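Step one of this worksheet: look at the structure below.
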Amino acid sequence: MTLLPDPALARAARLACREGAARPTAGMAPGFTQCNMISLPRDWAWDFLLYAQRNPKPCPVLDVTDPGSHRTALASDADLRTDIPLYRIWRDGELVEETPDATAAWAEHPDLVTFLIGCSFTFETPLQQAGIEIRHISQGCNVPMFLTDRDCRPAGRLQGKMVVSMRPIPAARVAEAAMISGRTPAVHGAPVHIGAPEALGIADLARPDFGDPVEVRPGEVPVFWACGVTPQAAVMASKPPFAITHAPGYMFITDVPDTHWQV
């Protein structure tokens with residue numbers, strides 16, 4: 001019988017975020033699903049829902065709120081305005097602010113629709129349980145993320161490139177890592193690319209577009225997964241008048257066990 005993780009871990013992690021623990025959430029509340037977030041005015045919500053449906057690998061939607069709601073079925077006691085450690089505020093496609101509390105920005109648009117999107121942090125626990133090191137956790141930094149040259153399929157007013165996260169994996173264990181992550185398609189699933197970063201338009205692994213660089217050691221292969229920062233690339237490319245997102249690597253921690261998404 002599989003023992004489920006203690007929900008108190010998830011609640012404690014959200015409380016720490018609410019009280020100002022602004023650090024990347026990789027490794028926090030192990031065993032619980034983490035989510036990317038984007039909130040858009042209702043007028044843009046249908047475009048984004050269609051964008052996510054057409055690009056399910058980088059934008060797997062786990063929940064959508066009613067307009068104006070800051071609650072989610074993924075964690076009934078949570079407040080989406082305060083329970084992410086760091087938010088980004090966007091105006092006309094430009095990043096104008098990062099803040100640990102989005103309450104004031106949220107109040108500007110009472111019709112915001114929030115999308116919670118699967119995150120690859122969710123399959124890091126089973127990778128670690130299999131003995132595969134997650135380098136950004138062991139180095140105590142944020143996961144490296146890169147804007148690729150791969151176009152997402154446009155929808156309505158939204159367009160943009162796909163973002164990927166990268167983890168160095170020993171060459172002999174790449175197939176195993178792909179298999180383990182592939183069991184959770186709702187949180188990006190198997191890698192989209194293995195090796196040869198230049199094939200994704202990535203010039204330098206030491207200079208990620210988001211997050212921090214990590215060491216790639218001899219005998220390791222860079223493995224790339226679709227990333228839930230892709231909606232932020234769409235915001236930058238499509239310039240909606242207003243949006244709130246999580247800061248890359250600073251996720252929303254749910255009460256849903258990772259195992260819920262395994263197939």
Side-chain angles (χ1 to χ4, degrees), residues 24-27 34 36 51-52 54-60 88 95 117-128 130-154 159-185 187-238 245-251:
T25 54
Q34 299 198 25
N36 304 270
Y51 191 77
R54 289 179 175 175
N55 301 282
K57 193 73 170 175
C59 303
R88 287 181 151 191
L95 176 62
I117 295 167
C119 172
S120 57
F121 288 176
T122 300
F123 58 64
E124 289 181 343
T125 297
L127 288 174
Q128 289 179 303
I132 297 174
E133 180 191 2
I134 304 299
R135 186 65 40 76
H136 57 272
I137 293 180
S138 60
Q139 289 188 191
C141 64
N142 204 349
V143 62
M145 294 160 274
F146 300 87
L147 185 65
T148 73
D149 60 4
R150 293 191 181 182
D151 287 317
C152 289
R153 185 181 170 193
Q159 61 177 326
K161 305 288 188 181
M162 182 171 65
V163 176
V164 294
S165 60
M166 189 279 292
R167 294 162 184 81
I169 305 292
R173 306 204 69 181
V174 168
E176 184 182 2
M179 180 186 68
I180 291 171
S181 59
R183 294 174 185 151
T184 52
V187 293
H188 304 306
V192 294
H193 186 74
I194 296 170
E198 62 274 10
L200 292 172
I202 298 170
D204 187 353
L205 289 179
R207 299 181 64 184
D209 296 288
F210 314 94
D212 300 315
V214 297
E215 180 185 7
V216 181
R217 297 169 184 162
E220 294 180 334
V221 176
V223 180
F224 301 90
W225 281 265
C227 177
V229 178
T230 298
Q232 297 184 41
V235 168
M236 290 184 277
S238 308
T245 70
H246 70 293
Y250 296 75
M251 317 306 295

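Here the structure is a predicted model, which means the values were calculated and not measured.
- A donor-acceptor pair under 3.5 Å is absent between the side-chain atoms of N142 and the main chain of D212, judged by distance alone.
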Working for side chain to side chain contact (heavy atoms under 4.5 Å, CB included), residues E220 and E215: CA-CA 10 Å; E220 294 180 334; E215 180 185 7; 5.9 Å; no

Residue pair F123, V187: steps toward the side chain to side chain contact (heavy atoms under 4.5 Å, CB included) verdict: CA-CA 8 Å; F123 58 64; V187 293; 4.2 Å; yes

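- Side-chain contact between P231 and I117 is present, with heavy atoms from C-beta onward closer than 4.5 Å.
- Using a 4.5 Å heavy-atom cutoff, the side chains of P213 and P144 are not in contact.
- Looking at K57, its side chain does come within 3.5 Å of a backbone N or O of A190 through a donor-acceptor pair.
- Under a 4.0 Å N-O distance rule, the pair R167/E133 does not qualify as a salt bridge.
- Taking all atoms of both residues into account, the shortest heavy-atom contact from G27 to I137 is N-CD1, 3.9 Å.
- Taken to the nearest 0.5 Å, the CZ atom of R88 stands 5.0 Å off from the CG atom of L95.
- The closest donor-acceptor contact from the side chain of T148 to the backbone of M162 lies under 3.5 Å.
- Expressed to the nearest 0.5 Å, how far SG of C152 lies from OH of Y51 amounts to 3.5 Å.
- One distance of note links OG of S120 with NE2 of H188; it measures 5.5 Å at 0.5 Å rounding.
- For the atom pair CE (M166) and CZ (R135), the distance works out to 9.0 Å, reported to the nearest 0.5 Å.
- Atom NE2 in H136 sits 3.5 Å away from atom CD in E124 (nearest 0.5 Å).
- A donor atom on one side chain and an acceptor atom on the other are found under 3.5 Å apart for T25 and Q34.
- Sorted by first then second residue, the salt bridge (Lys or Arg N to Asp or Glu O under 4.0 Å) pairs that include residues 188-211, not counting sequence neighbours, number zero.
- Among pairs with a residue in residues 172-184, those fulfilling side chain to side chain donor-acceptor pair (under 3.5 Å) read R173-E176, S181-W225, at least two apart in sequence or across chains.
- Salt bridge status for D149 with K161: absent, with no side-chain N to carboxylate O gap under 4.0 Å.
- With Q128 contributing its side chain and I134 its backbone, the two residues share no donor-acceptor pair below 3.5 Å.
- T122 approaches P126 most closely through the heavy-atom pair O-CD, 3.7 Å.
- No side-chain heavy atom of V223 sits less than 4.5 Å from a side-chain heavy atom of P168.
- Under the 3.5 Å distance criterion, the side-chain polar atoms of N36 are matched with a main-chain donor or acceptor of G118.
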Chi angles and distances behind the side chain to side chain contact (heavy atoms under 4.5 Å, CB included) call for L200, F224: CA-CA 9 Å; L200 292 172; F224 301 90; 3.7 Å; yes

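- For the atom pair CD of Q232 and SG of C227, the computed distance is 8.5 Å after rounding to the nearest 0.5 Å.
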Test side chain to side chain contact (heavy atoms under 4.5 Å, CB included) applied to I202 and V164, step by step: CA-CA 10 Å; I202 298 170; V164 294; 4.1 Å; yes

